[in-house]
Undergrad: 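The structure under discussion is supplied below as structure tokens; questions concerning it will follow.
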Amino acid sequence: MSNLISHLQNKLVIADGAMGTLLYSHGVDRCFESYNTTHPDEILHVHQTYLDAGAEIIQTNTYGANYIKLARFGLEDQVHQLNTKAVQLANTAAKDRAFVLGTIGGIRGVQKIVASKKEIIRSFKEQLFSLLLEGVDGILLETYYDFEEIKQVLEIARQETDLPIIANVSMHEPGVMENGIQLPVALQTLENIGADVVGVNCHLGPHYMIKALESVPLLEKAFLAAYPNASLPAYQNGKLVYNQHSHYFERCAKEFRDQGVRLIGGCCGTTPEHIRALKDGVADLEPITEKEIKQVTFTKNTTEQQPPLRTTLADKARKRHTVIVELDAPKHLDTAPFMNGVFALENAGVDAITLADNSLATPRISNLAMAVKMKQAGCHATPLIHLTCRDRNLIGLQSHLMGLHTLGLHEILAITGDPTRIGGFPGASSVFDVTSLELTKLIKQSNQGLSFSGSSLKTNTQFQVAAAFNPNVANLEKAVKRMERKIKHGADYFLTQPIFNHEQIIQLHRMTKHIDQPIFIGIMPLTSHRNAEFLHHEVPGMKLSDEVRTRMQRHDNRQDSLQEGIQIAKELITTAMNYFNGIYIITPFMHYPLTVELTKYVHQQAKLVTKI
């Protein structure tokens, strides 16, 4: 056939629809791309049904046929084989009836930590070369939520081939990319990099996709494309089901054409019937060459985070010795002892009280509820809210953050969270949509007025994000490098695991002199020799010195053991205060009187200590 771009010069072109969801509806419940070699006749049949429906372009069954995605199924060594076979099947079906596009899907969504930039580039090149070697008419890049990713891979593809490249992005919200880039800007950028066709696919049905395209002008060099989903999916009998009102697509086809789209196909949930409807919808239409752009008012978001309107914990720790203490919410509904502890700690002079997010995977009263209760009772100590990746998916995390901002709770400790299997609900599942690194970055994105999906929050949040740091490792240099990574993702200050060694505190100071973010040194008073041995041998992230364990072993009397533990903690506090302003006192067994005593000691020492 003639060149694909020449084909698009003078007419509206219809592409095929979904492959994966069509196979899924037929009962396929494993890697769709594996069917290229295990069930080639079925893939060939799908191609042929789309061609019979009027598709002039079909895409290879290779959306997820890259090393990273195939590794989930143990098929990572079959990248070349699956891509090669996919091209052969598509070419056999197309013959001289249609163009064949080699499809490469995006890897990153909101969860950007799923693969590094280096891994994505390596995986992309391997798949790209397999498709090019077998012979395709063009390359289709589709379902890219991460704009940085599609820019990177498009640059590579453009350098490696002169074949037409179609670059489609995906939006969580109509008209805006995940990082807040407006769709017209994104498509213009892709044209500038070298894409021959730019457009949108997936997630949205025709209505919102057309609405998003209203603000997109006709481009100077690149044509526009649209591959809408059939509808929003419903969940029925354990399966995702899409609306089958294919006739709706016939009317929508004209609306896509009116927005300047020349290449129209289908994404998730679409079938040959949807493609036939698109074909019928543009049967007597010509492409438009002029378009009236609808001016859409995008809420302006500041690209830089605004300084907090209050004195933050990090600010305090840069100027003076500052105390954060731990006091977890109760596991039951009697809150009186907790509130007694709150006011005892406030009277002792703590700057903040950390509230864990179901620590040890054990249900407690919501830390949000207890923080509000503290404020309502007139407590002036800052609540430091722990936020784990374990219990909430991205929707829940976004909602929770919006609630925290609304209630005026701005200090957050972003952590991964203990796995559910160690808690009292072993049947519960862990979510972990993101890691603590990515959660930190997403929280800071909200400080720019952007939600996780890139849509406007209509105001900037004022979150300060603390991060956890474990110095009790064999390679402290490696741990510091991870600390630096957390800073790049937006961490404002750090809380360490308990330290029981004076030299370790000094070494940590020596290795973090270049770091501006305050570090709060974790101090935990020991209560007995048995307590010390349990922490040392059974609790991850804890490491006691031989000296401390020996000192605790000397005492059989409970009171004497407790006093020895407090004395050890005071000595460690004195050392820590010589090098760091931040002290983080971890209350054993929620015995807050110990924390009160140590907090008072910090304030006494603050009058005497000269920081090194």
Side-chain angles (χ1 to χ4, degrees), residues 1-11 13 15 56-60 62-63 65-66 83 87 99-108 117-171 177-179 181-202 212-213 215-227 259-265 267 287 289 291:
M1 294 185 70
S2 61
N3 179 275
L4 172 58
I5 301 305
S6 299
H7 205 58
L8 286 164
Q9 290 280 359
N10 304 308
K11 61 174 294 188
V13 179
E56 301 164 77
I57 293 177
I58 61 173
Q59 56 183 292
T60 56
T62 54
Y63 170 77
N66 59 68
N83 281 275
V87 177
F99 296 101
V100 172
L101 299 178
T103 298
I104 303 177
I107 291 174
R108 289 179 169 178
K117 175 181 175 181
K118 185 177 179 180
E119 290 170 331
I120 288 174
I121 290 174
R122 173 202 167 282
S123 180
F124 177 80
K125 286 183 175 180
E126 182 182 20
Q127 185 178 9
L128 175 67
F129 294 150
S130 295
L131 294 170
L132 293 176
L133 284 171
E134 194 56 34
V136 290
D137 298 310
I139 296 296
L140 171 61
L141 308 176
E142 66 167 2
T143 321
Y144 282 82
Y145 288 97
D146 183 348
F147 193 59
E148 293 303 314
E149 181 186 358
I150 193 170
K151 287 198 300 181
Q152 290 167 2
V153 299
L154 175 57
E155 287 174 357
I156 294 169
R158 188 74 288 167
Q159 291 170 3
E160 297 295 339
T161 182
D162 293 327
L163 291 175
I165 299 176
I166 295 89
N168 286 340
V169 297
S170 297
M171 305 168 289
M177 296 290 292
E178 188 176 278
N179 58 357
I181 293 178
Q182 297 167 19
L183 182 61
V185 176
L187 298 186
Q188 180 67 67
T189 302
L190 296 177
E191 180 194 47
N192 294 341
I193 294 173
D196 300 285
V197 182
V198 296
V200 288
N201 83 290
C202 205
L213 289 167
S215 63
V216 176
L218 299 180
L219 300 176
E220 183 179 344
K221 294 176 289 185
F223 296 116
L224 294 179
Y227 284 67
Q259 295 307 321
V261 174
R262 294 206 184 193
L263 175 58
I264 313 174
C267 203
T289 56
K291 173 185 176 182

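Just so you know, these numbers come straight off a predicted model, no measurement behind them.
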Undergrad: Who passes salt bridge (charged side-chain N to carboxylate O under 4.0 Å, His left out) against Lys117, sequence neighbours left out?
TA: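 Residues passing salt bridge (charged side-chain N to carboxylate O under 4.0 Å, His left out) with Lys117: none at all.
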Undergrad: Not counting sequence neighbours, list each pair that qualifies as a salt bridge (charged side-chain N to carboxylate O under 4.0 Å, His left out) and has a residue in residues 122-141.
TA: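 For residues 122-141: Arg122-Glu126.
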Undergrad: Please evaluate residues Glu178 and Arg108 with respect to the criterion salt bridge (Lys or Arg N to Asp or Glu O under 4.0 Å), reporting the C-alpha separation (whole Å), side-chain torsions for both, the decisive distance (0.1 Å), and the verdict.
TA: CA-CA 11 Å; Glu178 188 176 278; Arg108 289 179 169 178; over 6 Å; no
Undergrad: Hey, are the side chains of Ile150 and Val169 touching, using non-hydrogen atoms and a 4.5 Å cut-off?
TA: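 Counting from C-beta outward, Ile150 and Val169 do come under 4.5 Å.
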Undergrad: For Pro217 and Leu224, work out which heavy atoms get closest and say how close.
TA: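 Where Pro217 meets Leu224 most closely, the heavy atoms are O-CD1, 4.2 Å.
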Undergrad: Less than 4.5 Å apart, any side-chain heavy atom of Leu141 and any of Val153?
TA: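 Contact flag for Leu141/Val153 side chains = yes.
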Undergrad: Below 4.5 Å, heavy atoms only, C-beta onward: do Leu140 and Ile104 meet side chain to side chain?
TA: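 They are not in side-chain contact.
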Undergrad: Does the side chain of Tyr63 come within less than 4.5 Å of Glu142's, by heavy atoms?
TA: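 Of all side-chain heavy-atom pairs linking Tyr63 with Glu142, at least one is under 4.5 Å.
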Undergrad: Would you call Leu131 and Val87 a side-chain contact if the rule is heavy atoms closer than 4.5 Å?
TA: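 When only atoms from C-beta onward are counted, Val87 and Leu131 do touch, with a gap below 4.5 Å.
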Undergrad: Testing the basics here: between Thr60 and Gly102, what is the closest heavy-atom pair and its distance to 0.1 Å?
TA: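 Closest approach of Thr60 to Gly102: OG1-CA, 3.4 Å.
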Undergrad: Is any side-chain heavy atom of Val13 closer than 4.5 Å to one of Arg262?
TA: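 Heavy-atom side-chain distance check fails, nothing below 4.5 Å.
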Undergrad: For Gln9, enumerate each residue passing the side-chain hydrogen bond (donor to acceptor under 3.5 Å, both in side chains) test, keeping only those at least two apart in sequence or located in another chain.
TA: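 None.
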Undergrad: Taking side chain as C-beta onward, heavy atoms only, is Leu263 less than 4.5 Å from Leu8?
TA: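 A side-chain contact exists here, since the closest heavy-atom pair is under 4.5 Å.
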Undergrad: Can you name the side-chain hydrogen bond (donor to acceptor under 3.5 Å, both in side chains) partners of Asn66, sequence neighbours left out?
TA: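 Listed in chain order: nothing, the list is empty.
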Undergrad: Output every pair passing side-chain hydrogen bond (donor to acceptor under 3.5 Å, both in side chains) with a member in residues 152-161, not counting sequence neighbours, ordered by first then second residue.
TA: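 Every pair satisfying side-chain hydrogen bond (donor to acceptor under 3.5 Å, both in side chains) with a residue in residues 152-161: Arg158-Asp196.
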Undergrad: What pair of heavy atoms forms the shortest contact from Leu213 to Lys291, and how long is it?
TA: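 Closest pair (atom of Leu213, atom of Lys291, distance): O-NZ, 2.7 Å.
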Undergrad: Between Leu218 and Gly260, what is the shortest heavy-atom contact and its length?
TA: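 Heavy-atom minimum between the residues: CD2-CA, 3.6 Å.
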Undergrad: Determine the minimum heavy-atom distance between Met177 and Ala186, stating which atoms define it.
TA: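 Looking at all heavy atoms of both residues, the shortest contact is CG-CB, 4.0 Å.
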Undergrad: With sequence neighbours excluded, what pairs up with Ser130 under the side-chain contact (heavy atoms from CB on, under 4.5 Å) test?
TA: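 Partners of Ser130 by the side-chain contact (heavy atoms from CB on, under 4.5 Å) criterion, ordered by chain and then number, come out as His80, Asn83.
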Undergrad: I need the minimum non-hydrogen distance between Leu163 and Gly138, along with the two atoms involved.
TA: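 It is CB-CA, 4.2 Å.
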Undergrad: Side chains of Asn201 and Thr143: any donor to acceptor distance under 3.5 Å?
TA: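 A donor-acceptor contact under 3.5 Å links the two side chains.
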Undergrad: The criterion is side-chain contact (heavy atoms from CB on, under 4.5 Å); which residues satisfy it with Glu191, sequence neighbours excluded?
TA: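 Gln188, Leu219, Glu220, Lys221, Ala222.
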Undergrad: Could you grab the distance from atom CD1 of Ile5 to atom CZ of Phe99, nearest 0.5 Å is fine?
TA: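 Answer rounded to 0.5 Å: 9.0 Å.
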Undergrad: Do Val261 and Tyr227 come within less than 4.5 Å of each other through their side chains, counting heavy atoms only?
TA: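 A side-chain contact under 4.5 Å is absent here.
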